[in-house]
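Report on the following structure.
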Amino acid sequence: MELKWIEDFLSLAETRSFSRSAELRAVTQSAFSRRIRSLEVWLGAALLDRSTYPITLTADGRQFLETAEEVVRLLTLSRADFRARSDGAGLPVVTITALHSLCLSFLPRWLSRIRDALGPVASRVLPDNFNICVQALVEGGYDLLLTYHHPGIPIPLDPERYPFRVVGHDSLAAVAAPRGLVPDARGRLPLLQYSRGSFLGRLAGIAQEADDAPATYPVHTNENSMAEALRSMALGGHGIAWLPRSLVAPEIRAGALTVLGREMPMEIRLFRSAERHRSFLDEVWAVAAEDPPNYSDAE
């Protein structure tokens, strides 16, 4: 049994549409359907009449709806109470989920900016991959989501329910050690790539399709999609890696890595849930709306 199954059911009871609820919950429709079915199996009851359109709740579904609403309400209140007592020793707390690379290159400076504007702040951060970060925001466990954005990859969040601010700018750069790479017979250089379908991998795929991108062939795939691992491989002379410039700016300045070709601009976006309100969170949101800095070449 998982809490997100109950939250899925509550969404479906409201929208009466699998496709709409899957979109709101930021999962594929097939995954959403499996989770609803898992809830029914766990309960031992059919909650939905799937023969109608829009779908309707069965008698068991209507009975369980009251229980589900109360369970989620009580758990949310308990979580808020425990976090208020355990986080920050009395300081206001902001909870953030962010891509691994942004936690290293951007988040420390951004938090300094927030503390300069608002005073002492306690923070709790979940570094993870893009899908887990989106899920953490949608399920209500975190106040804010920090991610890269490029027009070629839509972010599966309803802008009315999950507004965003542009809080910085970066670029994706093809980098390699300045010496040691040997092109193949077709003039291509070895490529260090992300796992298939990963968020940074999709961004790198867009950048690699540019006319002036270096010609490459894959020699290494990093299955956990962490840019830091590819940075280490690039520094070791194993090939070209598409990396956020902010992550490798020190190595570029020191001459340990060289940029090959044109870089692809990216926004750094901060998302929140429109349904999640605290006075301090609103203050953070207001500060985030100020002119975004460019961190790609920051010290």
Is [Y] close to [X] at the side-chain level, that is, under 4.5 Å between some pair of heavy atoms?
X: T97; Y: V125; value: no
X: I268; Y: H169; value: no
X: R35; Y: E2; value: no
X: N129; Y: L99; value: no

Checklist outcome for this item: Nearest heavy-atom approach of R188 to T216 is CD-O, 3.6 Å
Item to check | Atom of W285, atom of P163 and distance for their closest heavy-atom approach | outcome: CH2-O, 3.5 Å
Short side-chain donor-acceptor distance under 3.5 Å, [Y] and [X]:
X: T15; Y: S17; result: no
X: S246; Y: D170; result: yes
X: Q193; Y: T221; result: yes

Next on the checklist: Check for me whether R16 meets the cation-pi criterion with Y53, that is, NZ or CZ under 6.0 Å from the six-membered ring centre and within 45 degrees of the ring axis.
Outcome noted: no
Checklist entry - Given I155, which of F130, Y162, Y148 fulfils the side-chain contact (heavy atoms from CB on, under 4.5 Å) condition? => result F130
Item to check | Ring centre gap for F271 and F164 strictly below 6.0 Å | outcome: yes
Next on the checklist: side chain to side chain donor-acceptor pair (under 3.5 Å), that's the test. Do D60 and T58 meet it? Break it down for me.
Outcome noted: CA-CA 5 Å; D60 287 340; T58 63; 5.1 Å; no
Are [X] and [Y] close enough for a salt bridge, meaning some N to O gap below 4.0 Å?
X: R20; Y: E23; result: yes
X: D282; Y: R272; result: yes
X: E7; Y: K4; result: no
X: D8; Y: R25; result: yes

Should the heavy atoms of other residues, nucleotides or ligands under 6.0 Å from [atom1] of [X] be counted, would the total exceed 12?
X: E70; atom1: CD; result: yes
X: R50; atom1: CZ; result: yes
X: Q29; atom1: CD; result: yes
X: E14; atom1: CD; result: no

